[in-house]
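To start, the structure itself, in structure tokens.
In what follows, every heavy atom counts, from backbone to side chain, and hydrogens, waters and symmetry copies are set aside.
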Amino acid sequence: MSERPAPAVTVSELPSHPGVEVTVKGWLYNKRTGGKVRFLILRDGSGYVQCVLSKAEVPEAAWNAAAEVTQESTIEVRGVVRLEPRAAGGVELSVLDFRILDACKDFPITPKEHGTDFLLSQRHLWLRSARQVAILKIRSEVESAIHDFFYKRGYTRVDSPILTPNACEGTSNLFETEYTEEEKAYLSQSGQLYLEPAAAALGKVYCFGPTFRAEKSKTRRHLREFWMVEPEVAFLEIEGLMDLAEEFIKELTVRVLDRRAEDLKRLERDLTKLETVAQKPFPRIPYREAVEILQKKGFPVSFGDDFGGDEETALAEDFDTPVMVTRYPVSIKAFYMQPDPADPEVVLGLDMLAPEGYGEIIGGSQRIHDHDLLLSRIKQHNLPIEAFQWYLDVRKYGTFPHSGFGMGLERFTAWMCGVPHLRECIPYPRMLYRIYP
RNA sequence: UCCGCAGUAGCUCAAUGGUAGAGCAACCGGCUGUUAACCGGUAGGUUGUAGGUUCGAGUCCUACCUGCGGAGCCA
């Protein structure tokens, strides 16, 4: 490169430096070569810029390097920023000098179609592609928005343990690991039970971290390791919980629309579908009504049946916002959910179903706060009372009504992005029979 | 775990039971503005594995392996 100094900038900063000579470092995304003019598309993580080399205006070494450079080679470009309507993004670099920092040979992922098996085995390299970059940026935006949402409202983040001594809810399969020679430990499948005592200490709390489910699920809506955010609030009851969940989803959606519109466009997401979400109230349908709706649609369901994916989609398809289904039968929900005093066959719980077939993004409930009722539920579910003694203590020492929900980060992100499969919404997906890379 | 589908060049896919092919990537050459650029050329193969049927198997049969889609479960 020339000895002339030029400020180093990122691609995202280029539009604010028109006419200025700058240096950009990154990787070659694609190139198009001609006899007198050559185009190099540079990516640096912040964006993409087309670098234009004219044979007459660059050193011969730079001109030749532009012909040789291969996809994903590390490169350095010195050039003048020019506003150019012919270039994607509206800005390009008129190159003064160019050099290859490291020549990349045979990058496996070419700018053509690939199958998912191949791409997943190359996930560490797949991350570099434009679509994956956009999804990861949106995921990161959602994570920040989650923390901001709770911080603004006076919540304290309480990290729940990942190693736990037993099943939190006693139902799903857990990943088992050796804790000591005598004792097993299990990877957490929910922070909720640990958050309830924390709510007694801090009032409004939330946890946000990885969650593990060892079920042998093989669907687009499941991962074995995923991230879940779980608020838990003292003295909050079911109606307030529904308000919180709705406010939460709306705020996250608006945040993504405001700050990541460009990434959504790259994913060809229909923005109007997300804008609607922020503007309209979310319908709240009691389970008993939901059963009637499904029966009218021809589903053979009756009170006491749980809803599968098809039923969820059928319920959600009538609305262009998420819909909350509330007050499920006691028999199909977790042991800790508070029965409805007005209708003891159902619990004060909610599932929020996203539109466009994205399914359940939130599940939550008011928790049982009566010690003896919770104790009888633990017995009914054949759970070991000793293991839940500490959990019962929340009801023993100054009990209080409280509620919380869990939201799956990847499911929400998938819906925002309009991506059909969760595996693209986490950097390194862990799925049944796939843990590499 | 169950049901269904698939496995051919680095990648994406073709090939009636009868000589394994194309596009992209790679390599060589051409092109003054390209937008997954284009044009010409070169090279690239134990058709997932093992067995079977047949004069002859990528193709038909059996088993296994791997992956994909879905169910159950859930976020």
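- Rounded to whole angstrom, the span from the CZ atom of A:F212 across to the P atom of B:rC74 amounts to 20 Å.
- Regarding A:L422, its CG atom lies at a distance of 15 Å from the C1' atom of B:rG69, rounded to whole Å.
- Across the strands present, B:rA15 finds no partner; the criterion is a Watson-Crick or G-U wobble pair with both atom distances under 3.5 angstrom.
- Checked by atom type, the side-chain pair A:R128/A:Q71 shows no donor-acceptor distance below 3.5 Å.
- Under the 4.0 Å criterion applied to side-chain N and carboxylate O atoms, A:R43 and A:E72 are assigned as salt-bridge partners.
- Rounded to an integer number of Å, the gap from CD of A:Q189 to P of B:rC73 is 15 Å.
- At the heavy-atom level, A:Q71 lies nowhere under 4.0 Å from the strands shown.
- For the C1' atom pair drawn from B:rU66 and B:rU47, the interatomic distance equals 16 Å after rounding to whole Å.
- Contact annotation for A:D351: no contact, since no heavy-atom pair falls under 4.0 Å across all strands.
- With a cut-off of 3.5 Å on both pairing distances, the Watson-Crick or G-U wobble partner of B:rG29 is B:rC39.
- Between the P atoms of B:rG40 and B:rG51, the separation comes to 44 Å (whole Å).
- Ion pairing between a basic and an acidic side chain is recognised when a charged N comes within 4.0 Å of a carboxylate O; A:D310 and A:K297 show no such pairing.
- With C1' as the reference atom, B:rU53 and B:rA57 are 10 Å apart, rounded to whole Å.
- At a cut-off of 3.5 angstrom, the base of B:rC74 holds at least one donor-acceptor pair with the side chain of A:R411.
- Judged by ring centres under 5.5 Å apart and planes tilted less than 30 degrees, A:F226 stacks against the six-membered base ring of B:rA75.
- Close to B:rG69, at under 4.0 Å from its OP1 or OP2, lies a side-chain N or O of A:R423.
- Donor-acceptor pairing under 3.5 Å, judged by distance alone, is absent between the side chain of A:H114 and the base of B:rC11.
- Within the 4.0 Å cut-off from OP1 or OP2 of B:rU35, not a single side-chain nitrogen or oxygen of A:N30 is found.
- Note: CZ (A:R224) to C1' (B:rU1) measures 12 Å, nearest angstrom.
- Between A:L53 atom CG and B:rU34 atom P the separation is 16 Å, expressed in whole Å.
- A salt bridge is defined here as a Lys NZ or Arg NE, NH1 or NH2 lying under 4.0 Å from an Asp or Glu carboxylate O, and A:R82 with A:E84 meets this definition.
- An OP1 or OP2 oxygen of B:rG69 is reached within less than 4.0 angstrom by a side-chain nitrogen or oxygen of A:H421.
- For the C1' atoms, the distance linking B:rG45 with B:rA9 amounts to 6 Å, nearest Å.
- Under the 4.0 Å criterion applied to side-chain N and carboxylate O atoms, A:R367 and A:E232 are assigned as salt-bridge partners.
- Straight-line distance between the P atoms of B:rC3 and B:rG18: roughly 33 Å, to the nearest whole Å.
- For a distance-only test at 3.5 Å, the side chain of A:Q122 fails to qualify as a donor-acceptor partner of the base of B:rG10.
- Residue A:G359 is classed as having no contact, given no heavy-atom separation below 4.0 Å to the nucleic acid.
- Atom P of B:rA6 sits at a distance of 15 Å from the matching atom of B:rU16, rounded to the whole Å.
- With both ends at atom P, the span from B:rG7 to B:rG52 equals 23 Å, rounded to whole Å.
- Contact annotation: side chain of A:R221 to base of B:rA75, donor-acceptor pair absent below 3.5 Å.
- Comparing B:rC73 with B:rU59, their C1' atoms are spaced 40 Å from each other, to the whole Å.
- Remark: A:D263 does not engage A:K137 in a salt bridge, criterion side-chain N to carboxylate O under 4.0 Å.
- The phosphate of B:rA37 (OP1 or OP2) has a side-chain N or O of A:R32 nearer than 4.0 angstrom.
- At a cut-off of 3.5 Å, with distance as the only test, a side-chain donor of A:Y336 or A:Q192 sits close to an acceptor on the other residue.
- Per the geometry, CE belonging to A:M324 stands 16 Å off P belonging to B:rA75, to the nearest Å.
- Atom P of nucleotide B:rA6 and atom CZ of A:F118 are separated by 23 Å, given to the nearest angstrom.
- If you check B:rG7 for Watson-Crick or wobble pairing at under 3.5 angstrom, you find it paired to B:rC65.
- Distance A:E68 CD to B:rA25 P: 17 Å, rounded to the nearest Å.
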